Amino acid sequence: MSKPDPPPRVRFAPSPTGSLHVGGARTALFNWLFARGRNGVFVLRIEDTDRRRSREDLTREIISELSWLGLDWDEGPVYQSRRGGLYLPPAERLLEEGLAYRSDPDPEGRTAVILRVEPEDIVFSDRVYGPITVSGGELKDIVLIKSDGSPAYNFACAVDDHQLGITHVIRGDDHLPNTPKQLLLYRALGWNPPVFAHLPLILGADRAPLSKRHGATSLKAFREAGILPDALANYLALLGWSPGGDREIMSRDQLVEEFSLEKVSRKAAVFDHQKLTWMNGRYIQETGPEELARRLRPLLAETEWETVSPGKLEAVISLLGHRLKTLADFPDQAGFFREGEIAYDPGAVAKHWSGEDVREILAEAREAVEAAEPFTRENLEDSLRAVIARRGIKAGALMQPLRVALTGRKDSPGIFEIILLLGRETTRERLDRAREFLEKNP
RNA sequence: GACCCCGUCGUCCAGCGGUUAGGACUCAGGCCUUUCAAGCCUGCAACACGGGUUCGAUCCCCGUCGGGGUCGCCA
């Protein structure tokens with residue numbers, strides 16, 4: 001047996017110039033899975049050297065969305081902007097060694113520090129893409145320190161990764177062309193380079209890189225759309241990676257257990273909202289009412305549900321929570337549990353209230369509900385089924401008009417459960433109102 | 001344009017020289033049922049093309065075509 005690899009140190013290094021989007025989130029997730037699966041260390045580094053475009057509020061947002069996704073880090077956040085002093089010494093060393101030179105002064109007399117690049121082939125092995133050769137002469141000299149004194153990206157990246165002891169650089173494959181440059185920097189500085197692993201891009205349905213044009217792509221948007229973090233993590237994990245075989249619904253522990261860079265795909269993947277929504281529905285089904293209520297609460301702020309009691313909310317959720325595809329579906333599907341008058345869906349009325357005997361049936365249903373004593377699900381069902389039997393009609397001929405009267409819609413959870421939760425009084429009110437409606441609109 | 005990468009159902013994946021090319025999402029039909037959702041069953045649907053190598057290529061090699069990435073003193 002070969003001896004086990006030492007624990008890896010990886011990092012996720014977002015730039016706070018925009019919201020955290022699914023592409024970045026997936027990169028963070030893969031780093032996290034990799035670290036957690038082999039006892040490694042996950043470092044969060046904020047690449048905020050671009051003072052002009054970096055925003056503190058975005059830094060906070062990125063941090064909180066990562067937490068929402070369930071990703072935690074062991075070190076950081078490390079702010080690149082606060083480590084200015086780290087970059088000059090290595091650059092000066094390269095200058096002294098003659099490996100780097102100063103640019104011609106700009107009009108203001110400032111110079112940049114630039115690494116001299118010799119024309120020679122560069123070969124490296126990417127953990128995902130395999131061996132990659134870049135022929136000599138393709139690379140130009142590399143700017144280390146810009147004329148304004150700040151470190152250029154590739155240099156800052158190499159210095160930081162080295163200084164933080166990063167062993168594996170796992171990032172989007174838009175960085176693949178940067179890799180030879182960084183390798184040259186490591187070589188010039190006499191440092192051991194980390195292992196590089198590049199992740200394929202995530203595309204929109206039109207095969208263009210995912211962007212705002214494709215709708216909700218920020219984590220914030222997914223959260224607000226009622227996607228569960230575990231569902232999103234599971235979906236994202238499978239975008240560009242697979243454990244082999246047919247497994248799809250996988251817990252965090254399973255993902256951590258199975259994840260490996262070798263099984264990451266090299267092919268860009270199209271983000272499929274429908275499949276995410278399906279998967280989210282599966283996760284919702286497996287989530288208990290208590291937790292669903294907790295997840296739902298923030299989405300209910302400023303809606304008519306804001307003031308509903310926790311007990312009532314949980315009761316409603318246990319009745320229809322498992323039917324939701326996203327948490328955001330809740331207000332629409334649960335609307336009829338709110339007090340006050342319900343709206344009748346015209347389609348439902350036309351379909352189920354057009355029969356001649358509907359008024360009679362509803363009247364008998366009303367009596368049957370009154371007669372259920374004690375007020376239990378079993379008694380309600382017995383009582384209502386008795387009406388069906390007595391009239392010799394099909395169950396649907398009673399259930400459907402009743403459903404419209406109580407919910408205003410064609411689809412809903414089971415009628416008996418609804419009556420039970422609504423209570424006798426509300427049920428009675430709604431049936432009376434249905435009767436009035438039918439009298440006015442024969 | 002140059003350099004690099006990629007190419008299995010519409011989409012996400014499995015496959016790793018011999019398979020009726022498998023699963024999932026979507027879509028269609030059916031079952032169940034008080035409706036819808038869920039669940040279960042069935043169906044539609046793919047190896048980009050052309051050369052090799054081989055007894056045999058989805059799989060290996062070359063080319064073509066197609067897609068993507070990068071070419072800043074941005075990150």
Side-chain angles (χ1 to χ4, degrees), chain A residues 13-18 47-50 52-54 80 103 106 110-114 126 128-130 132-135 137-157 171-181 198 200-203 205 207-209 235 238-249 263 265-279 281-282 284-285 320 322-325 329 333 348 351-352 381 384-385 388 393-404 407 409-418:
Chain A
S15 171
T17 54
E47 309 225 320
D48 57 351
T49 47
D50 186 341
R52 187 159 273 132
R53 294 195 300 148
S54 294
Q80 216 168 34
S103 68
D106 65 10
R110 307 179 306 177
T111 64
V113 180
I114 300 172
D126 186 275
V128 170
Y129 284 91
I132 292 179
T133 305
V134 178
S135 44
E138 287 304 322
L139 265 31
K140 295 191 289 188
D141 289 359
I142 301 166
V143 174
L144 307 178
I145 306 291
K146 299 188 257 185
S147 335
D148 68 359
S150 65
Y153 171 72
N154 281 304
F155 185 61
C157 192
R171 61 197 349 180
D173 81 4
D174 47 333
H175 284 285
L176 200 48
N178 281 327
T179 308
K181 300 181 196 175
H198 289 89
L201 255 47
I202 297 179
L203 310 177
R207 304 212 69 93
Y235 178 74
L238 261 23
L239 213 50
W241 174 80
S242 147
D246 295 334
R247 306 172 59 198
E248 290 207 311
I249 302 285
K263 284 183 175 164
S265 166
R266 290 177 289 280
K267 187 186 166 190
V270 174
F271 191 93
D272 185 349
H273 279 274
Q274 283 185 314
K275 187 152 185 179
L276 201 217
T277 301
W278 165 79
M279 191 171 274
R282 292 288 304 264
I284 285 179
Q285 283 172 39
L320 52 69
H322 64 283
R323 304 159 62 85
L324 304 174
K325 285 278 197 297
D329 294 342
Q333 290 209 25
K351 186 165 185 188
H352 299 299
E381 174 154 11
L384 284 164
R385 293 231 185 251
I388 293 165
I393 55 177
K394 287 195 285 188
L398 180 141
M399 304 294 187
Q400 294 299 65
L402 192 49
R403 168 168 286 110
V404 178
T407 71
R409 38 197 301 158
K410 282 184 283 220
D411 59 298
S412 81
I415 282 294
F416 310 124
E417 287 77 8
I418 286 175

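What you see is a predicted model; the values in this text were computed from it and never measured. Each chain gets a letter, A, B and so on, in the order the sequences are listed, and its residues count up from 1.
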Between A:Asp126 (side chain) and A:His198 (backbone), is there a donor-acceptor pair under 3.5 Å?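 At least one qualifying donor-acceptor pair exists.
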Donor-acceptor pair, side chain of A:Arg403 and main chain of A:Pro413, under 3.5 angstrom:
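At least one qualifying donor-acceptor pair exists.
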Checklist entry - Taking C-beta and beyond as the side chain, do A:Glu417 and A:Leu320 meet within less than 4.5 Å on heavy atoms? => result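 Side chain of A:Glu417 against side chain of A:Leu320, heavy atoms only: no contact under 4.5 Å found.
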*Within a strict 4.5 Å, meaning less than it, do heavy atoms of the A:Val128 and A:Asp173 side chains meet?*
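Sidechains of A:Asp173 and A:Val128: no contact.
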Is there a Watson-Crick or G-U wobble partner for [N] with both distances under 3.5 Å, and if so, which one is it?
| N | answer |
| --- | --- |
| B:rA28 | B:rU42 |
| B:rU19 | none |
| B:rC65 | B:rG7 |
| B:rA2 | B:rU70 |

Does a nitrogen or oxygen in the side chain of [X] sit under 4.0 Å from OP1 or OP2 of [N]?
| X | N | value |
| --- | --- | --- |
| A:Arg247 | B:rA24 | no |
| A:Lys146 | B:rA75 | yes |
| A:Lys181 | B:rU70 | no |
| A:Arg282 | B:rA38 | no |

Would you indicate what [X] reaches in the nucleic acid, counting non-hydrogen atoms under 4.0 angstrom: base, sugar-phosphate, or nothing?
| X | answer |
| --- | --- |
| A:Lys140 | sugar-phosphate |
| A:Ser15 | sugar-phosphate |
| A:Asn178 | base |
| A:Phe416 | base |
| A:Gln333 | nothing |
| A:Ile415 | base |
| A:Ala112 | base |
| A:Gly240 | sugar-phosphate |
| A:Pro200 | nothing |

| field | B:rC13 base / A:Ser242 side chain donor-acceptor hit below 3.5 Å | value |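 Result: no qualifying N/O pair found.
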Rounded to the Å, how far apart are [X] [atom1] and [N] [atom2]?
| X | N | atom1 | atom2 | value |
| --- | --- | --- | --- | --- |
| A:His175 | B:rC74 | NE2 | P | 15 Å |
| A:Trp278 | B:rU26 | CH2 | P | 8 Å |
| A:Asp272 | B:rC9 | CG | P | 15 Å |
| A:Glu417 | B:rU35 | CD | C1' | 13 Å |
| A:His273 | B:rU26 | NE2 | P | 15 Å |
| A:Ile249 | B:rA38 | CD1 | P | 14 Å |
| A:Ile393 | B:rU35 | CD1 | P | 14 Å |
| A:Glu381 | B:rU35 | CD | P | 13 Å |

Please list, chain by chain and in numerical order, all residues satisfying ring-ring contact (aromatic ring centres under 6.0 Å, His included) with A:His175, sequence neighbours excluded.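 Checked A:His175 against ring-ring contact (aromatic ring centres under 6.0 Å, His included); matches are A:Tyr153.
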field: Sequence-distant partners of A:Phe155, ring-ring contact (aromatic ring centres under 6.0 Å, His included), two or more places apart
entry: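 Counting only residues at least two positions away or on another chain, A:Phe155 forms no ring-ring contact (aromatic ring centres under 6.0 Å, His included).
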Which value, in whole Å, describes the distance between the [atom1] atoms of nucleotides [N] and [M]?
| N | M | atom1 | answer |
| --- | --- | --- | --- |
| B:rC60 | B:rG18 | P | 12 Å |
| B:rU11 | B:rC16 | C1' | 23 Å |
| B:rC61 | B:rC27 | P | 39 Å |
| B:rA48 | B:rG30 | C1' | 36 Å |
| B:rG43 | B:rC49 | C1' | 30 Å |
| B:rU8 | B:rG22 | C1' | 11 Å |
| B:rC31 | B:rA37 | C1' | 16 Å |
| B:rA21 | B:rC25 | P | 22 Å |

Where do N or O atoms of nucleotides 4-7 of chain B meet protein N or O atoms at under 3.5 Å, pair by pair?
{"from": "B:rC6", "atom 1": "OP1", "to": "A:Arg266", "atom 2": "NE", "distance (Å)": "3.4"}

When you measure from the side chain of [X], which nucleotide among [options] comes out closest?
| X | options | result |
| --- | --- | --- |
| A:Gln274 | B:rU11, B:rA37, B:rU26 | B:rU26 |
| A:Met399 | B:rC12, B:rU34, B:rA75 | B:rU34 |
| A:Lys325 | B:rU11, B:rA38, B:rA75 | B:rA38 |

Under the side-chain hydrogen bond (donor to acceptor under 3.5 Å, both in side chains) rule, collect the residues that match up with [X], sequence neighbours excluded.
| X | value |
| --- | --- |
| A:Arg110 | A:Asp106 |
| A:Asp272 | none |
| A:Arg247 | A:Glu258 |
| A:Ser265 | none |

Please list, for nucleotides 20-23 of chain B, all pairs of protein and nucleotide N/O atoms separated by less than 3.5 Å.
{"from": "B:rG23", "atom 1": "O4'", "to": "A:Asp246", "atom 2": "OD2", "distance (Å)": "3.4"}
{"from": "B:rG23", "atom 1": "N2", "to": "A:Glu248", "atom 2": "OE2", "distance (Å)": "3.4"}

Between A:Arg282 and A:Gln285, do the side chains contain a donor N or O and an acceptor N or O under 3.5 Å apart?
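No, A:Arg282 and A:Gln285 have no side-chain donor paired with an acceptor closer than 3.5 Å.
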With a 3.5 Å cut-off and sequence neighbours excluded, list the donor-acceptor pairs that the side chains of residues 142-149 of chain A form with protein atoms.
{"from": "A:Asp148", "atom 1": "OD1", "to": "A:Ser150", "atom 2": "N", "distance (Å)": "2.8"}
{"from": "A:Asp148", "atom 1": "OD1", "to": "A:Ser150", "atom 2": "OG", "distance (Å)": "2.7"}
{"from": "A:Asp148", "atom 1": "OD2", "to": "A:Ser150", "atom 2": "OG", "distance (Å)": "3.4"}

Taking only nitrogen or oxygen atoms into account, show me every contact under 3.5 Å that the protein makes with nucleotides 29-31 of chain B, one pair per line with its distance.
none

A:Lys325: what forms a salt bridge (charged side-chain N to carboxylate O under 4.0 Å, His left out) with it, not counting sequence neighbours?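 If we apply the salt bridge (charged side-chain N to carboxylate O under 4.0 Å, His left out) test to A:Lys325, skipping adjacent residues, there are no hits.
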> Taking the nucleotide of RNA chain B with the closest heavy atom to each, which residue, A:Ala269 or A:Arg385, is nearer the 5' end?
Replying inline: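 Here A:Ala269 is the residue nearer the 5' end.
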| said: Let me spell it out: for each of A:Gly244 and A:Glu47, pick the nucleotide of RNA chain B with the closest heavy atom. Which residue's pick is nearer the 5' end? | reply: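 Closest to the 5' end, via its nearest nucleotide, is A:Gly244.
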Using nucleotides 46-48 of chain B, report all nitrogen or oxygen pairs with the protein that are shorter than 3.5 Å.
none

